[in-house]
Asks: 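Got a structure here, written out as C-alpha cells. Questions coming.
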Amino acid sequence: MGMLQLHGLGNGLSTAPLVTNGRTRSITAENLAGEKGQGGKAASNLGTARKGRPCIDLKQGETVTLAHIQGAGVLQHFWITVTDKTGAKGHQAQYVLRDLVLRMYWDDEETPSVEVPLGDFFCNGFARRSNVNSLPISVNPTGGMNCYFAMPFRTSAKITIENQHAYDIGGFFYTFNYTLVDELPDNAAYFHAQWRRERFTEMGKDYTILDNVKGAGQYVGTYLAWAALERNWWGEGEMKFYMDGDDEWPTICGTGTEDYVGGAWCFSNLKTNEPESYSTPYLGYTYYKETTEIDPWSGHQVPMHGMYRWHLPDPIRFESDLKVMIQQIGHDHSRLFERSDDVSSVAYWYQMEPHADFPALLPVQQRWPR
C-alpha cells in the first residue's frame, strides 16, 4: 500500500498517514488550469473571491474541455452536477443526462478512452436521477455525481463534455481533484469506460457489453440499464467473460442477472412481492420504475431496471484479450424462455494503451430511453 500511495494511486484510511511528494491540485470553473495559488479569484456581486464563477454554461452543440492537465499524475476524484431536464416541453428537453457526452483522453491520444453519456457513467441510466451509494461512484441528493476511480496518466489528461441536447444548458458545475507525481509504476494501466445499447436485443444471441479489447488489463465494473420489453421475469441471463483466447466457451459464466449484481430471487420483497432496491459499496440495484406518466402525451412506460457491479476486490484479469457478454433469458414461473429487451451498458476497465477504437456512439435520439 505504501508504494501505491507513493505514486498517488493509493487511498483509504490505511494510507492516510503516509506523507508523499505528490502535489495536490484541483480544477474548477474558477481555476481552469488547476494552477497553484490561483483558486477562487473571480468576482461576484459580493466582490472579488466571493463565489464569482462556480459553474459554466454549455451551448447547444458545443464541446467544452473541462480539464487539460500536463505532466504525470492521477485523477483521484471528480464531482459534477447539472439539471436533468431543461425548461422546454417535449422529449427534446427531458433527456439531458443522455444528451451530454463525457470523454477522457490520456497522454495526447486521438481517440477517447472514455466515451459515455454523463448519466450512465454515474449509474444514472434512462436519463433519470437515482441515488447511488457505492465505493467508486456516489450520486447524492440532488444529482451530485461523484467518481473515485483512480485514473493515472503519464504525460497528459484531457476531459471534455459535449452538449448534444437540443438547448443550451446553464449551471454546469464541476470539480476535478488530482495529484501530480514525478513518475508512475510501469504496471499502472489506463482507465477506460464504454457505453453501448441495443434497442431490441436479438433473440437467442447474447448482448455484447465489451469486445475487441487487446492487451493486458483488469475489468473492474459493469452498469446495466435494462428496459424489459416482454412480460414475466427478465433476469435469468448469465454474465460471461471470454479472456485470453477463449473461443466458443467463456472462462467465467455466472448464474443469472440479479445474481451478478449480488441480488437474488428477482430482487423481490417477500412481503410486498415488489422489486426492492439497494446500493452497497460494490453491488447495487438502484433504479426500478413501472408507472404511467400523468401527462397523457407521455403514455405508458416499460419497466426500467438500473444496476451495477464493481469488480474491485475481485477484478477480472486478462493478459491478451477480453470480451464481456450477457444473455437475455426470462422465466414465466414454469420454464425458461428466450426474450428480447432494450439493454444499455457501461463497461469499466483498465488496460495498457493503445486501445482499440470504440464503436461509433449512437446518435442522440437513439440514446433516449423509451
Asks: Please identify each residue that fulfils ring pair (Phe, Tyr, Trp, His ring centres under 6.0 Å) with His355, with sequence neighbours left out.
Replies: His192, Phe358

Asks: Over all heavy atoms of both residues, which pair between Thr280 and Tyr308 is shortest? Give the atoms and the distance, please.
Replies: O-OH, 2.6 Å

Asks: Drop me the distance from Phe318's CZ to Asp244's CG, to the nearest 0.5 angstrom.
Replies: 8.5 Å

Asks: Apart from Met325 itself, what residues make up its hydrophobic cluster when side-chain heavy atoms of I, L, V, M, F, W and Y under 4.5 Å apart count as a link, directly or indirectly?
Replies: Tyr242

Asks: Are Leu32 and Leu180 joined in one hydrophobic group, where the rule is that I, L, V, M, F, W and Y side chains link up if heavy atoms are under 4.5 Å apart?
Replies: yes

Asks: Any donor-acceptor pair under 3.5 Å linking the side chain of Ser277 with the backbone of Thr286?
Replies: no

Asks: Do you know the tightest heavy-atom contact between Ser279 and Ser134?
Replies: OG-N, 4.2 Å

Asks: Does a side-chain heavy-atom distance below 4.5 Å link Ser334 with Asp332?
Replies: yes

Asks: To the closest 0.5 Å, what do you measure between SG (Cys123) and CG (Asn131)?
Replies: 12.0 Å

Asks: Answer yes or no: is there a donor N or O on one side and an acceptor on the other, between the side chain of Asp120 and the main chain of Trp195, under 3.5 Å?
Replies: no

Asks: Quick one: CG on Leu118 to CG on Asn163, what's the gap to the nearest 0.5 Å?
Replies: 11.0 Å

Asks: Which atoms form the tightest heavy-atom contact between Thr208 and Glu198, and what is the distance?
Replies: N-OE2, 4.3 Å

Asks: Could you check if a side-chain atom of Trp226 sits within less than 4.5 angstrom of a side-chain atom of Met304, using non-hydrogen atoms only?
Replies: no

Asks: Any side-chain to backbone donor/acceptor pair from Ser156 onto Asp108? Under 3.5 Å, distance only.
Replies: yes

Asks: Kindly say whether the aromatic ring centers of Trp233 and His333 come within a distance under 6.0 Å.
Replies: no

Asks: Could you check whether the rings of Phe191 and Phe149 sit parallel, tilted or perpendicular, using 30° and 60° as the cut-offs?
Replies: tilted

Asks: Are Ile80 and Ile56 joined in one hydrophobic group, where the rule is that I, L, V, M, F, W and Y side chains link up if heavy atoms are under 4.5 Å apart?
Replies: yes

Asks: Can you check whether Phe122's main-chain N or O pairs, donor with acceptor, with Asn124's side chain at less than 3.5 Å?
Replies: yes

Asks: Nearest heavy-atom pair of Pro152 and Ala189: which atoms, and what distance?
Replies: CG-O, 3.1 Å

Asks: Going by side-chain hydrogen bond (donor to acceptor under 3.5 Å, both in side chains), name the residues that satisfy it together with Tyr178, two or more places apart in sequence or in a different chain.
Replies: none

Asks: Does Glu258 use its side chain to pair, donor to acceptor, with the backbone of Cys266 at less than 3.5 Å?
Replies: yes

Asks: To the nearest 0.5 Å, what is the distance between OG on Ser138 and CE on Met145?
Replies: 11.5 Å

Asks: Taking 4.0 angstrom as the limit, do Glu115 and Arg103 come out as a salt bridge?
Replies: yes

Asks: Taking Ile137's backbone N and O only, do any of them form a donor-acceptor pair with Asn146's side chain (distance below 3.5 Å, no angle check)?
Replies: no

Asks: Just so I know, are the side chains of Val346 and Ile209 near enough to count as touching, which here means a heavy-atom distance under 4.5 Å?
Replies: no

Asks: Could you tell me if the side chain of Asp259 sits less than 4.5 Å from the side chain of Thr257, heavy atoms only?
Replies: no

Asks: How close do Thr81 and Gly143 get, counting heavy atoms only, and between which atoms?
Replies: OG1-O, 2.8 Å

Asks: I would like to know whether Gln194 and Trp349 meet side-chain contact (heavy atoms from CB on, under 4.5 Å); could you show each step before the answer?
Replies: CA-CA 9 Å; Gln194 181 186 120; Trp349 78 100; 3.8 Å; yes

Asks: Would you list the atom pairs, donor with acceptor, under 3.5 Å between side chains in residues 359-370 and any protein atom, with sequence neighbours excluded?
Replies:
| from | atom 1 | to | atom 2 | distance (Å) |
| --- | --- | --- | --- | --- |
| Arg367 | NE | Arg98 | O | 3.0 |
| Arg367 | NH1 | Gln164 | OE1 | 2.9 |
| Arg367 | NH1 | Leu362 | O | 2.7 |
| Arg367 | NH2 | Arg98 | O | 3.0 |
| Arg367 | NH2 | Gln164 | OE1 | 2.7 |
| Trp368 | NE1 | Asp99 | OD1 | 2.9 |
| Arg370 | NE | Asp342 | OD2 | 2.8 |
| Arg370 | NH2 | Arg199 | O | 2.7 |

Asks: Say you draw a straight line from NE2 of His311 to CZ of Phe241; how long is it, rounded to the nearest 0.5 Å?
Replies: 4.0 Å

Asks: Working to the nearest 0.5 Å, report the span between OG of Ser340 and CG of Leu229.
Replies: 6.0 Å

Asks: What residues form a side-chain hydrogen bond (donor to acceptor under 3.5 Å, both in side chains) with Ser345, not counting sequence neighbours?
Replies: Tyr207

Asks: For Ser26 and Thr175, what are the C-alpha separation, side-chain angles and deciding distance, and is it a side-chain contact (heavy atoms from CB on, under 4.5 Å)?
Replies: CA-CA 7 Å; Ser26 183; Thr175 299; 3.4 Å; yes

Asks: I'd like to know whether CD of Glu319 has more than 12 heavy-atom contacts from other residues, nucleotides or ligands below 6.0 angstrom.
Replies: no

Asks: Do Asp84 side-chain atoms and Arg129 backbone N/O form a donor-acceptor pair below 3.5 Å?
Replies: no

Asks: May I ask you to decide if Phe78's main-chain N or O and Asn177's side chain share a donor-acceptor pair within less than 3.5 Å?
Replies: no

Asks: Is there a donor-acceptor pair closer than 3.5 Å between any side-chain N or O of Tyr260 and the backbone N or O of Gly262?
Replies: no

Asks: Can you tell if the side chain of Lys323 reaches within under 4.5 Å of the side chain of Met243, non-hydrogen atoms only?
Replies: no

Asks: Are any non-hydrogen side-chain atoms of Leu58 and Asp168 less than 4.5 angstrom apart?
Replies: no

Asks: Using a strict 4.0 Å threshold on nitrogen-to-oxygen distance, state whether Lys158 and Asp107 make a salt bridge.
Replies: no

Asks: Would His305 and Trp234 count as a ring pair (Phe, Tyr, Trp, His ring centres under 6.0 Å) here? Give the steps.
Replies: CA-CA 10 Å; His305 309 270; Trp234 50 274; 4.3 Å; yes

Asks: Give the intermediate values and the outcome of side-chain contact (heavy atoms from CB on, under 4.5 Å) for residues Gln327 and Lys240.
Replies: CA-CA 8 Å; Gln327 299 167 323; Lys240 299 178 179 181; 3.3 Å; yes

Asks: Does the distance from a Lys or Arg side-chain N to an Asp or Glu carboxylate O, for Asp314 and Arg309, drop under 4.0 Å?
Replies: yes

Asks: Passes salt bridge (Lys or Arg N to Asp or Glu O under 4.0 Å), Asp57 versus Lys59? Steps please.
Replies: CA-CA 6 Å; Asp57 295 336; Lys59 299 296 184 183; 5.7 Å; no

Asks: Got Phe267 and Glu276 here, is their nearest side-chain heavy-atom distance under 4.5 Å?
Replies: no

Asks: Does any part of the side chain of Leu312, heavy atoms only, come nearer than 4.5 Å to the side chain of Tyr282, both counted from C-beta?
Replies: yes

Asks: Would Ile169 and Val96 satisfy side-chain contact (heavy atoms from CB on, under 4.5 Å), going step by step from the backbone distance to the final call?
Replies: CA-CA 9 Å; Ile169 297 173; Val96 170; 3.8 Å; yes

Asks: More than 12 non-hydrogen atoms from neighbouring residues, nucleotides or ligands closer than 6.0 Å to CG on Leu270, yes or no?
Replies: no

Asks: For Asp182 and Arg23, what are the C-alpha separation, side-chain angles and deciding distance, and is it a salt bridge (Lys or Arg N to Asp or Glu O under 4.0 Å)?
Replies: CA-CA 9 Å; Asp182 295 330; Arg23 292 151 331 262; 3.4 Å; yes

Asks: Kindly say whether Lys85 contributes a backbone atom to a donor-acceptor pair with the side chain of Thr83 at under 3.5 angstrom?
Replies: yes

Asks: Kindly give the cluster partners of Phe337, where membership spreads through any ILVMFWY side chain lying under 4.5 Å from a current member.
Replies: none

Asks: Identify the heavy atoms of Ser113 and Glu109 that sit nearest to each other, and give their distance.
Replies: OG-OE2, 2.6 Å

